[in-house]
Structure formats: C-alpha cells, structure tokens
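A quick write-up on the structure given underneath.
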Amino acid sequence: MTELQENTTNKILLNDNNNENKHRASSTIMNNSDKKLMVDDEEEEEMLHLESDALMSSTNNNNKNTRLKNNNKKGEKELMPLNIYFPSYYFKIAKHILIFISLFIIFGFLSGFAFREITKHSVPYQKVGDYVYQQGSLIHGHFFTLGVFLPLTFLCTLFFSYLITGVKVSNGLYHTGFLIYAFGATLTLILFVYKAVSFINAIKQSPNINIHELELIAFGSTSSYNGDQKSGSALSRMTKMLLFGGAHVLMFIGGLKCVIIVLISLFKKSKSL
C-alpha cells in the first residue's frame, strides 16, 4: 500500500509539473504574441503618419505648382517680345548719321582748340574783345549740340521706336528729313565760324571797334555804326537774315520731320502683333 501511495503521489506531482510547464509555455507564447501585436500596431501607426505627411507634402507641392503656373501665365501675358531684326535700310540711315556725328566731333574739338589759341594772345580783353572771344567759344558748343547730340537723339529714337513697336518708318521720308537737318546744321555752323573769324580779323585791325559794327562788317557793310542798330547797308542786313534764318529753318524742318515720322510709328500697330 505504501508503494502504491508513493507512486500515485509521484504521478500527481509529475502531472502538476507538466501542467505548470505547459502554463508557463502558453504564457510565454501569449506574451510574445502580445509584443508582436504591439510592435505591429506601432509600425502601422508610423506608416500611417508617414503616408499622411507624404500626402500633405504632395498636396502642398501641387498647390505651389498651380500658383507658379498661374503666375507664369500672367507673366507671359505681361511680357512682350522685342523686334531685334531691323530693316536693312535702317543701317544705311544709321551709317550716314554716324559719319555726320564723327565728323562734327572732330570739328568740335578742333574749333575749340583753334579759337582758344587764336584769341588767347591776339584779341585784347576789352568789351569788344570779350564779345569776339565769346563768339569763338560758342562755335565749340554748337558743333557738339547741332552736330553730335541732336543727331544721336534722332538715331536712338529711330531704332528704339522699331525695337518697341515693330513698325517701320519710311526710308525716303526719314532719310530726307535727316539730310535736310544735316544741311541746315552744317550751314549754320559754317556761318558761325565765318562770323567769328570776321570778328577776330576786324578787332585786330581796329581794337576799339563797336560791337554792332562787327555784325555789319561781317556781312559786307562798309558803313560806320551811328548809334542805330539798323544802320549799315540793307543788303548786308538782308544777307545776314537770309543766311542765318534759312539755315535755322532748314534745321527746324528736317529735325521736326524726323521726330513726327517716329511719333507716327509709335502710335501705329504692328501687323505682326
């Protein structure tokens, strides 16, 4: 009986140990599965966050791209192309204007130097002497104003008007206008030089000559000044008026013609637009 009881007790203990081991094993398996589930949940949540961030980033980029496209479309409407291919006769006109400008730059420098040197020692600095010196000095500025700055302005307006509008000016009308201006400007400057040289020669011969008499002598009058500014021969006064008046009128007509032609082109619509 005693052995039977011991065997029975051992079996019971062995069964209890087996059950306990099984319970521990099942608990371990359950814990491991719970941990796996928790890890899977965390990974899934992280993936959802990443997908959400990617979606938001994609949406923002799309919005930015849409705004950029709209801005580009607005900018394209505001931008206008420049007409950089000029008619061939524009360069012919430009060549003539640049030759004219180059010559008058040289003449301007020479005139300033020449009249400064001529009048520095030979013209007495009295009232009349200062007047003569002033007449020589005026030539220097007139050469640059009439022969350089105004023609350069005509050239710039000619090319910029076509660059902006694409409308051609008439070759014959514009070129003729500039040639008229060039002739008038050249005549005016020749008269200035002639008058200054005449003044210098007259004052060398008669240092005390009257200022008004200088004007009369320069244009052929031999009458002495008698207190009347209109004294002297009518022919000398008429000659002076016709020469200076005619030269200035030619400059005015030619220059105005060039300006009006360019203005008309600025208000015309180009056929290519």
Side-chain angles (χ1 to χ4, degrees), residues 82-112 114-115 134-199 215 218-220 235-271:
L82 291 175
N83 302 280
I84 58 174
Y85 297 100
F86 296 94
S88 59
Y89 64 83
Y90 270 55
F91 296 97
K92 182 180 178 181
I93 297 172
K95 180 181 177 181
H96 291 168
I97 294 177
L98 289 173
I99 290 172
F100 182 83
I101 289 172
S102 301
L103 290 174
F104 276 79
I105 289 174
I106 295 171
F107 294 152
F109 283 133
L110 291 177
S111 67
F115 279 96
Q134 182 188 22
Q135 291 298 311
S137 300
L138 283 174
I139 297 171
H140 183 65
H142 276 73
F143 266 107
F144 281 99
T145 302
L146 302 179
V148 179
F149 300 136
L150 283 176
L152 190 60
T153 303
F154 296 149
L155 182 62
C156 290
T157 55
L158 174 66
F159 276 83
F160 274 107
S161 65
Y162 184 82
L163 193 69
I164 294 169
T165 64
V167 178
K168 303 175 186 177
V169 302
S170 170
N171 180 19
L173 290 176
Y174 193 92
H175 208 166
T176 304
F178 177 74
L179 291 176
I180 293 171
Y181 169 84
F183 181 77
T186 303
L187 181 58
T188 300
L189 291 169
I190 289 173
L191 290 172
F192 263 113
V193 172
Y194 166 75
K195 188 167 79 167
V197 171
S198 298
F199 286 178
E215 295 278 355
F219 292 94
L235 181 61
S236 66
R237 287 187 280 111
M238 184 67 70
T239 302
K240 176 187 172 183
M241 183 181 67
L242 288 175
L243 289 173
F244 274 95
H248 282 75
V249 168
L250 287 173
M251 277 196 306
F252 177 77
I253 292 174
L256 187 64
K257 188 177 181 181
C258 293
V259 172
I260 290 174
I261 291 170
V262 169
L263 280 175
I264 291 172
S265 73
L266 288 173
F267 288 101
K268 279 185 179 179
K269 289 185 177 179
S270 174
K271 295 179 181 180

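It should be emphasised that the depicted structure is a prediction, and the values quoted were computed from it without experimental measurement. No hydrogens, no waters, no symmetry mates; every other heavy atom, side chains included, goes into these values. Starting from 1, each residue takes its place in the sequence as its number.
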Item to complete: Specify the closest pair of heavy atoms between Leu250 and Gly184, including all atoms of both residues, with the distance to one decimal.
Response: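 Here Leu250 and Gly184 meet closest at CB-CA, 3.8 Å.
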Discussion item. So which atom in Ser111 and which in His140 form the shortest heavy-atom distance, rounded to 0.1 Å?
Written reply: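 That closest heavy-atom pairing would be OG-CA, 3.7 Å.
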Worksheet entry | From CA spacing to verdict: side chain to side chain contact (heavy atoms under 4.5 Å, CB included), Thr157, Val259 | CA-CA 8 Å; Thr157 55; Val259 172; over 6 Å; no
Item to complete: Name all pairs fulfilling the side-chain hydrogen bond (donor to acceptor under 3.5 Å, both in side chains) condition that reach into residues 177-191, sequence neighbours left out, sorted by first residue then second.
Response: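 Matches after skipping sequence neighbours: none remain.
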Worksheet entry | Aromatic ring pairing Phe154/Phe178, orientation class (parallel under 30°, perpendicular over 60°, tilted between) |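 Perpendicular: the ring planes of Phe154 and Phe178 meet at over 60°.
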Worksheet item: Should the pair Phe104 and Phe143 be assigned to parallel (<30°), tilted (30 to 60°) or perpendicular (>60°) ring geometry?
Response: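 Phe104 and Phe143: tilted rings.
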Inter-residue atom distance [X].[atom1] - [Y].[atom2], 0.5 Å rounding:
| X | Y | atom1 | atom2 | value |
| --- | --- | --- | --- | --- |
| Tyr174 | Tyr89 | OH | OH | 11.5 Å |
| Ile139 | Leu189 | CD1 | CG | 8.5 Å |
| Ile97 | Leu179 | CD1 | CG | 9.0 Å |
| Ile99 | His96 | CD1 | NE2 | 6.0 Å |
| Phe160 | Leu155 | CZ | CG | 9.5 Å |
| Leu243 | Tyr194 | CG | OH | 9.0 Å |

Discussion item. Tell me every residue that passes side chain to side chain donor-acceptor pair (under 3.5 Å) with His248, counting only those two or more places apart in sequence or in another chain.
Written reply: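 Partners of His248 under the side chain to side chain donor-acceptor pair (under 3.5 Å) test: none.
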Among all residues two or more places apart in sequence or in another chain, which pass the side-chain contact (heavy atoms from CB on, under 4.5 Å) test with [X]?
| X | value |
| --- | --- |
| Val249 | Ile253 |
| Ile106 | Leu110 |
| Leu256 | Phe252, Ile260 |

For [Y], is there any backbone N or O sitting under 3.5 Å from a side-chain donor or acceptor partner on [X]?
| X | Y | answer |
| --- | --- | --- |
| Ser265 | Val262 | yes |
| Thr176 | Leu173 | no |
| Tyr162 | Val169 | no |

Item to complete: Return yes when atom NZ of Lys257 has more than 12 non-hydrogen atoms of other residues, nucleotides or ligands closer than 6.0 Å, and no otherwise.
Response: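 For Lys257, atom NZ is crowded (more than 12 foreign heavy atoms under 6.0 Å).
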Worksheet item: Would one find more than 12 heavy atoms of other residues, nucleotides or ligands at under 6.0 Å from atom CZ of Phe107?
Response: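 Open: at most 12 neighbouring heavy atoms sit under 6.0 Å from CZ of Phe107.
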Worksheet item: Quick one: ring pair (Phe, Tyr, Trp, His ring centres under 6.0 Å) partners of Phe109, sequence neighbours excluded?
Response: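 Phe144.
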Item to complete: Start with the C-alpha gap between Leu163 and Phe86, add the side-chain angles, then the distance that decides, and say whether side chain to side chain contact (heavy atoms under 4.5 Å, CB included) holds.
Response: CA-CA 8 Å; Leu163 193 69; Phe86 296 94; 3.8 Å; yes
